[in-house]
Amino acid sequence: MAKDNYQRIWQTVLLIPNGKVASYGQIADLAGLPGRARLVGKALGYAPAELAVPWYRVLRSDRSLAFAPSCATALQQRQLLLAEGVVLKKNRVDSSALWQPDLAELLFKLQY
DNA sequence: TATCTGACTGCAT
DNA sequence: CATGCAGCCAGAT
């Protein structure tokens, strides 16, 4: 069911550590949904506020933010990332902020 | 059931 | 390094 995929995506995004970022495609892979990067974007859009999913830690594979640089959403994303110490240069995060999860630990936490 | 959409990607230029 | 573009595919209508 669609809702199940959203749940898996939200849970995976919840595991991104403070100060780290991941790409849509990476989240899709880790969530067991390879090839569905675009679905990750939709899932974040539908994420219930009470889950407090750190949507701002997810960006494109080239490390650029997925919004027009001047729109309100992009501004908020930049602010949230900067607040966590993520280095941002021209709408791109520094590669040192990329999340490199330990797969064994992930499998344990996600409980598939 | 058929179509349309896009918070994406990889590759070519 | 930046842009363009075809391919992508589940979910929404």
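What you are looking at is a predicted structure, and each value in this text was computed from that prediction instead of being measured. Side chains included, hydrogens not; waters and symmetry mates left out as well; all remaining heavy atoms used.
- In this structure, L81(A) and L65(A) have side chains that are in contact, with non-hydrogen atoms separated by less than 4.5 Å.
- At a threshold of 4.0 angstrom between heavy atoms, the contacts of L44(A) include nucleobase atoms, whether or not backbone atoms are also involved.
- The residue G35(A) sits close only to the backbone: its heavy atoms come under 4.0 Å of sugar-phosphate atoms, none of a base.
- Going from atom CG of D29(A) over to atom P of dC8(C) covers 16 Å, rounded to whole Å.
- For V86(A) against G19(A), the heavy-atom pair with the smallest separation is CG2-O, 3.5 Å.
- dC8(C) atom C1' lies 17 Å from atom OH of Y24(A), rounded to whole Å.
- Contact check of residues 59-70 of chain A against DNA chain B (heavy atom, cut-off under 4.0 Å) returns R60(A), S61(A), A66(A), F67(A).
- Looking at R36(A), its side chain has no donor and acceptor atom pair within 3.5 Å of the base of dC9(C).
- In this structure, S23(A) reaches the dT9(B) phosphate: one of its side-chain N or O atoms is under 4.0 Å from OP1 or OP2.
- Residue whose closest nucleotide on DNA chain C sits further toward the 5' end, between K3(A) and R92(A): R92(A).
- Under the 3.5 Å distance criterion, the side-chain polar atoms of W10(A) are matched with a main-chain donor or acceptor of A43(A).
- The distance from atom CZ of R36(A) to atom CG of D29(A), rounded to the nearest 0.5 Å, is 9.5 Å.
- When side chains are defined from C-beta on, L75(A) does not count as touching S70(A), because their heavy atoms never get closer than 4.5 Å.
- Distance, N5(A) CG to dA12(C) P: 10 Å, rounded to whole Å.
- Remark: C1' of dA7(B) and CG of L75(A) are 15 Å apart, rounded to the nearest angstrom.
- A salt bridge links R57(A) with E84(A); the closest basic N to acidic carboxylate O contact falls under 4.0 Å.
- The distance from atom CZ of R60(A) to atom CG of N91(A), rounded to the nearest 0.5 Å, is 8.0 Å.
- Mapping A37(A) and K42(A) onto DNA chain B via the closest heavy atom, the residue that lands nearer the 5' end is K42(A).
- Backbone-only contact: Y6(A) has heavy atoms under 4.0 Å from sugar-phosphate atoms and none from a base.
- Judged by closest nucleotide on DNA chain C, R38(A) is the one of Y46(A) and R38(A) placed further toward the 5' end.
- As rounded to whole Å, 15 Å separates atom C1' of dA7(B) from atom CG of L80(A).
- Going from atom CG of L33(A) over to atom P of dC8(C) covers 18 Å, rounded to whole Å.
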